[in-house]
Structures are given as structure tokens and as C-alpha cells.
Amino acid sequence: QVQLVESGGGLVQAGGSLRLSCAASGRTYSSYVLGWFRQAPGKEREFVAAISWSGGSTYYSDSVKGRFTISRDNAKNTVYLQMNSLKPEDTAGYYCAVRRGSMIVSDQNEYSYWGQGSQVTVSS
């Protein structure tokens with residue numbers, strides 16, 4: 001089992017920034033991908049960004065590309081999502097997830113472990 005705990009959400013004005021953190025613990029694998037997803041009220045959960053644990057490869061959804069940056073600190077088993085130039089449409093619950101393997105994918109069904117989520121609210 002892998003446990004994931006998100007932190008860093010909150011309320012911010014449009015144009016502002018927030019950084020989310022996701023700390024992983026428990027069973028570790030030699031190769032896995034960490035991803036961020038989000039779900040707004042009344043909408044389906046959608047992919048935001050992902051990073052490979054060993055290679056540092058990253059992938060972003062078009063809606064956040066150029067504004068969000070995913071990174072990781074292997075020593076702390078933590079992945080971060082730096083969110084800049086936030087917009088009201090970024091308001092959602094943000095979830096980190098783990099997928100075994102080295103291939104970065106955006107399909108949430110490919111991710112086995114999930115955190116409890118962290119709320120991000122962007123006011124206009």
C-alpha cells in the first residue's frame with residue numbers, strides 16, 4: 001500500500017499562486033509515476049500533470065501548461081505542483097495519485113493509489 005497526503009491548498013485571488021505538496025509513504029516501487037488530478041463541483045475528475053519518479057519526465061494538460069509546474073524531491077518522497085497565474089476555473093479539489101511503471105499517462109484509471117485531496121479556490 002502507498003499512502004499519499006496532500007497539503008497546501010487554500011483561497012487565492014485570480015492571478016495569484018499556490019504550491020501543493022503530496023507526501024508519499026508506505027510501500028515503494030522501483031519505478032512509478034506521480035500525477036495530479038482535479039475535480040470541480042459537478043464535473044468529472046480531470047488530469048492536470050504527472051512526473052516520472054526516476055527520469056523527471058513531465059506531462060501537462062493543455063489547460064495548465066505554462067502556468068503549472070510539477071516537480072519532485074526524491075529524498076522527501078514528495079511531489080509538488082506549483083500553480084501560477086491562477087484563474088477562477090482552476091477552482092477544484094486537487095488529488096495526487098500514483099501509478100506503477102515508468103510511462104506517464106493521463107488516464108485516471110491507470111493510477112492505483114490516491115490522496116484525500118486538497119481544495120483550491122480562486123476568487124475573481
Side-chain angles (χ1 to χ4, degrees):
Q1 291 290 330
V2 176
Q3 290 79 43
L4 302 170
V5 179
E6 301 99 333
S7 60
L11 173 64
V12 65
Q13 289 187 334
S17 299
L18 281 175
R19 188 177 79 157
L20 300 179
S21 301
C22 176
S25 62
R27 184 175 182 178
T28 59
Y29 303 100
S30 59
S31 178
Y32 58 99
V33 171
L34 281 161
W36 285 99
F37 293 78
R38 67 186 182 185
Q39 187 169 21
K43 295 186 177 180
E44 294 186 354
R45 187 160 53 187
E46 64 175 359
F47 172 80
V48 176
I51 186 169
S52 63
W53 193 254
S54 58
S57 298
T58 59
Y59 180 63
Y60 298 90
S61 69
D62 288 342
S63 60
V64 306
K65 195 176 298 181
R67 300 187 298 122
F68 291 11
T69 302
I70 189 170
S71 62
R72 84 269 191 253
D73 184 334
N74 290 354
K76 296 182 179 180
N77 285 336
T78 299
V79 63
Y80 304 98
L81 185 68
Q82 178 66 43
M83 304 182 292
N84 298 329
S85 302
L86 282 161
K87 305 174 181 180
E89 51 262 45
D90 293 318
T91 295
Y94 283 71
Y95 301 84
C96 67
V98 167
R99 176 184 185 272
R100 292 183 64 181
S102 60
M103 183 178 296
I104 295 178
V105 298
S106 60
D107 184 352
Q108 60 180 304
N109 295 314
E110 295 289 331
Y111 290 77
S112 303
Y113 302 100
W114 293 81
Q116 83 289 351
S118 182
Q119 179 67 33
V120 171
T121 302
V122 184
S123 63
S124 58

Side chains of Ser57 and Ser52 in contact at under 4.5 Å (non-hydrogen atoms): yes
With sequence neighbours excluded, tell me which residues meet side-chain hydrogen bond (donor to acceptor under 3.5 Å, both in side chains) with Arg67. Asp90
Which Ile, Leu, Val, Met, Phe, Trp or Tyr residues join Met103 in one cluster when any pair of side-chain heavy atoms under 4.5 Å counts as a link? Val33, Phe37, Phe47, Tyr59, Tyr95, Ile104, Val105, Tyr111, Trp114
Would you kindly say whether Tyr94 and Arg38 are connected by a side-chain donor-acceptor distance under 3.5 Å? yes
Does the side chain of Gln1 come within less than 4.5 Å of Tyr113's, by heavy atoms? yes
To the nearest 0.5 Å, what is the distance between NZ (Lys87) and OG (Ser63)? 8.5 Å
Can a side-chain donor-acceptor contact be found between Asn84 and Ser17 if the only test is distance below 3.5 angstrom? yes
Do Arg19 and Gln82 have side-chain N/O donor and acceptor atoms under 3.5 Å apart? no
The reported gap from CD in Gln116 to CD in Gln3 (rounded to nearest 0.5 angstrom) is 11.5 Å
side-chain contact (heavy atoms from CB on, under 4.5 Å), that's the test. Do Leu11 and Gln119 meet it? Break it down for me. CA-CA 8 Å; Leu11 173 64; Gln119 179 67 33; over 6 Å; no
Taken to the nearest 0.5 Å, the spacing of Phe68 CZ from Leu18 CG works out to 9.0 Å
What's the spacing between Ser123 OG and Leu86 CG if we round to 0.5 Å? 10.0 Å
Measure the CZ-OG distance between Arg99 and Ser112 for me, rounded to the nearest 0.5 Å. 8.5 Å
Out of curiosity, Trp36 CH2 to Met83 CE, how far, rounded to the nearest 0.5 Å? 8.0 Å
Is the backbone of Cys96 close enough, under 3.5 Å, to the side chain of Glu6 for a donor and an acceptor to pair up by distance? yes
Apply the side chain to side chain contact (heavy atoms under 4.5 Å, CB included) test between Leu20 and each candidate in Val48, Leu81, Ile70, Val79; give the one that qualifies. Leu81
Sidechain-backbone polar pair: Thr121 side chain, Thr91 backbone, donor-acceptor under 3.5 Å: no
